[in-house]
Amino acid sequence: MSKTSTIKQAAEVFTQGGIIAYPTEAVFGLGCDPDNDVAVQKLLSIKQRSAEKGLILLAANYSQLLPYVDDSAINEDERRKVLSLWPDAITQILPANKNISSLLCGDFDTIAVRITDHKDVVELCDLTNKAIVSTSANLTGEKPSTTWQQVQQQLGSEIDFIVKGKTSGLLKPSTIINGLTGVTIRS
C-alpha cells in the first residue's frame with residue numbers, strides 16, 4: 001500500500017470516529033477527532049489516562065488550531081512569538097476556547113497544541129482539514145512506543161488503524177512550554 005493511500009485510509013478511520021496510531025517527531029501518537037467526544041473517551045480508556053490531565057492537539061497549521069485556541073486572548077506580540085516556534089517539537093500551552101470539550105483541556109482553561117512538520121501528520125491534518133488529538137501510544141506509565149511494531153504489540157487489538165511510518169528520529173517527546181510566558185513545563 002502506498003504511503004498516500006495509507007494516510008487516506010487513516011483519515012477515513014479518523015473521520016468515522018476511530019482511534020489511530022501514527023508517527024510524530026519522537027514517538028508514536030494515539031489520535032482521534034478532537035470534536036468526537038465518544039472517540040476521545042475511547043482513546044482515554046485505551047490509554048488508561050485520566051481525563052483531568054487534558055490532551056495535546058497536533059496540526060499542520062495555526063488555522064486548524066483556531067477552533068480550540070482562544071486566539072482573542074493572545075495579543076499580536078504573543079502570537080508572533082508563539083508562531084515563531086513552529087513547526088517544531090514544541091508543544092505550547094495556550095488559552096482554550098470556552099466551547100471545546102473538557103476532555104481536551106482536562107481541569108485547565110488552557111490547551112496544549114503543536115504545529116508539526118512530520119509529513120504523515122501534516123498530510124493527515126490536511127486531508128481532514130483539522131487538528132488531531134495526540135497522546136503517546138502507550139498505556140499510562142509505560143514507555144512510549146517509537147515504532148509501529150511496538151504499538152502493534154502493546155495496543156494493536158485496541159486501536160483501529162496504525163500508520164506504519166517512522167518518527168522524525170528525535171530522542172525525546174516534545175518540549176512543553178507556556179506559550180504566553182515561555183516557562184518550560186517539560187523539557
Colleague: Holding to side-chain hydrogen bond (donor to acceptor under 3.5 Å, both in side chains), I want the full list of residues that pass it with K42, two or more places apart in sequence or in another chain.
Modeller: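 Listed in chain order: D160.
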Colleague: Which side-chain hydrogen bond (donor to acceptor under 3.5 Å, both in side chains) pairs, counting each pair once, include a residue from residues 99-108, with sequence neighbours left out?
Modeller: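 Of all non-adjacent pairs touching residues 99-108, those that pass side-chain hydrogen bond (donor to acceptor under 3.5 Å, both in side chains) are D37-S101.
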Colleague: Who pairs with S174 by side-chain hydrogen bond (donor to acceptor under 3.5 Å, both in side chains), at least two apart in sequence or on another chain?
Modeller: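 side-chain hydrogen bond (donor to acceptor under 3.5 Å, both in side chains) list for S174, sorted by chain: T91, R114, R186.
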Colleague: Is there a continuous path of hydrophobic side-chain contacts, each under 4.5 Å between heavy atoms, that joins L66 to L58?
Modeller: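 Cluster IDs for L66 and L58 differ.
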Colleague: Who passes side chain to side chain contact (heavy atoms under 4.5 Å, CB included) against S45, sequence neighbours left out?
Modeller: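 Residues passing side chain to side chain contact (heavy atoms under 4.5 Å, CB included) with S45: none at all.
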Colleague: Do Q152 and F28 come close enough that some side-chain heavy atom pair is under 4.5 Å?
Modeller: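 The answer is no, as the side chains (C-beta and beyond) never meet within the 4.5 Å cut-off.
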Colleague: Applying salt bridge (Lys or Arg N to Asp or Glu O under 4.0 Å), name anything that partners D117, two or more places apart in sequence or on another chain.
Modeller: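 By the salt bridge (Lys or Arg N to Asp or Glu O under 4.0 Å) rule, D117 matches no residue at all.
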Colleague: Counting only N and O atoms by type, is there a donor-acceptor contact under 3.5 Å from the side chain of D120 to the main-chain atoms of I7?
Modeller: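 No; judged by distance alone, with no hydrogens or angles, the pair does not exist.
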Colleague: Go through the structure and list residues passing side chain to side chain contact (heavy atoms under 4.5 Å, CB included) with A60, not counting sequence neighbours.
Modeller: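 With neighbours one apart ignored, the set is Q64, V122, C125, D126.
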Colleague: Kindly give the heavy-atom pair with the smallest separation between P34 and L104, and that separation in Å.
Modeller: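 Shortest heavy-atom separation between P34 and L104 comes out as O-CD1, 3.5 Å.
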Colleague: Quick one: does P87's side chain get under 4.5 Å of T116's, heavy atoms only?
Modeller: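 They are not in contact (no side-chain heavy atoms under 4.5 Å apart), so the answer is no.
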Colleague: Ignoring hydrogens, what is the shortest heavy-atom contact between A131 and L57? Give both atom names and the distance.
Modeller: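 The pair with the smallest heavy-atom distance is CB-CB, 4.3 Å.
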Colleague: Measuring only between side-chain heavy atoms, which start at C-beta, is L44 closer than 4.5 Å to V40?
Modeller: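 Of all side-chain heavy-atom pairs linking V40 with L44, at least one is under 4.5 Å.
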Colleague: How close do Q154 and S145 get, counting heavy atoms only, and between which atoms?
Modeller: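 In this case the closest contact between Q154 and S145 is NE2-OG, 4.2 Å.
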Colleague: If the condition is side-chain hydrogen bond (donor to acceptor under 3.5 Å, both in side chains), which residues does E12 pass it with, not counting sequence neighbours?
Modeller: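 With sequence neighbours excluded, E12 shows a side-chain hydrogen bond (donor to acceptor under 3.5 Å, both in side chains) to no residue whatsoever.
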Colleague: What pairs with S136 under side-chain hydrogen bond (donor to acceptor under 3.5 Å, both in side chains), at least two apart in sequence or on another chain?
Modeller: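 Per chain and number, S136 pairs via side-chain hydrogen bond (donor to acceptor under 3.5 Å, both in side chains) with K47, N138.
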Colleague: Taking side chain to side chain contact (heavy atoms under 4.5 Å, CB included) as the test, write out the residues that go with F108, two or more places apart.
Modeller: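 Partners of F108 by the side chain to side chain contact (heavy atoms under 4.5 Å, CB included) criterion, ordered by chain and then number, come out as T110.
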Colleague: Determine whether T6 and F161 satisfy the following criterion, side-chain contact (heavy atoms from CB on, under 4.5 Å), listing intermediate values before the conclusion.
Modeller: CA-CA 10 Å; T6 298; F161 191 81; 3.9 Å; yes
Colleague: Residues in salt bridge (Lys or Arg N to Asp or Glu O under 4.0 Å) with D109, at least two apart?
Modeller: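 Scan of D109 (salt bridge (Lys or Arg N to Asp or Glu O under 4.0 Å), adjacent residues dropped) gives none.
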Colleague: Is the shortest heavy-atom distance from the side chain of I20 to the side chain of I132 under 4.5 Å?
Modeller: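 Yes, close enough: below the 4.5 Å cut-off.
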Colleague: For the side chain to side chain contact (heavy atoms under 4.5 Å, CB included) test, which of V69, I56, L55 pairs with I111?
Modeller: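 Result for side chain to side chain contact (heavy atoms under 4.5 Å, CB included) with I111: V69.
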Colleague: Indicate yes or no: at least one non-hydrogen side-chain atom of V163 is less than 4.5 angstrom from one of P23.
Modeller: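 Side chain of V163 against side chain of P23, heavy atoms only: contact under 4.5 Å found.
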Colleague: Do D71 and Y62 touch side chain to side chain, with heavy atoms closer than 4.5 Å?
Modeller: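 Yes, at least one pair of side-chain atoms sits under 4.5 Å.
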Colleague: Are V27 and W148 connected in the hydrophobic side-chain network, where two residues link if heavy atoms are under 4.5 Å apart?
Modeller: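 Looking at the clustering, W148 is in a separate group from V27.
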Colleague: Indicate yes or no: at least one non-hydrogen side-chain atom of V151 is less than 4.5 angstrom from one of Y22.
Modeller: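 Not touching, per the 4.5 Å side-chain cut-off.
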Colleague: Ignoring hydrogens and angles, tell me if any N or O in the side chain of E78 forms a donor-acceptor pair with the backbone of N75 under 3.5 Å.
Modeller: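 Yes, E78 side chain to N75 backbone: donor-acceptor pair under 3.5 Å.
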Colleague: Give me the other members of the hydrophobic cluster that L85 sits in, counting Ile, Leu, Val, Met, Phe, Trp and Tyr linked by side-chain heavy atoms under 4.5 Å, directly or via other members.
Modeller: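 Same cluster as L85: I90, I177.
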Colleague: Can L155 be reached from F14 by stepping across I, L, V, M, F, W or Y side chains whose heavy atoms are under 4.5 Å apart?
Modeller: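 No.
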Colleague: Nearest heavy-atom pair of P67 and N97: which atoms, and what distance?
Modeller: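 Shortest heavy-atom separation between P67 and N97 comes out as O-ND2, 2.9 Å.
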Colleague: Mind checking what makes side chain to side chain contact (heavy atoms under 4.5 Å, CB included) contact with Q48, not counting sequence neighbours?
Modeller: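 Result, side chain to side chain contact (heavy atoms under 4.5 Å, CB included) vs Q48: L139.
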Colleague: In this structure, would W86 and Y68 fall into the same cluster of hydrophobic residues linked by side-chain contacts under 4.5 Å?
Modeller: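 Shared cluster, yes.
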Colleague: Given the rule that I, L, V, M, F, W and Y join up when any side-chain heavy atoms are under 4.5 Å apart, are L124 and V133 in one cluster?
Modeller: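 No, no single cluster joins them.
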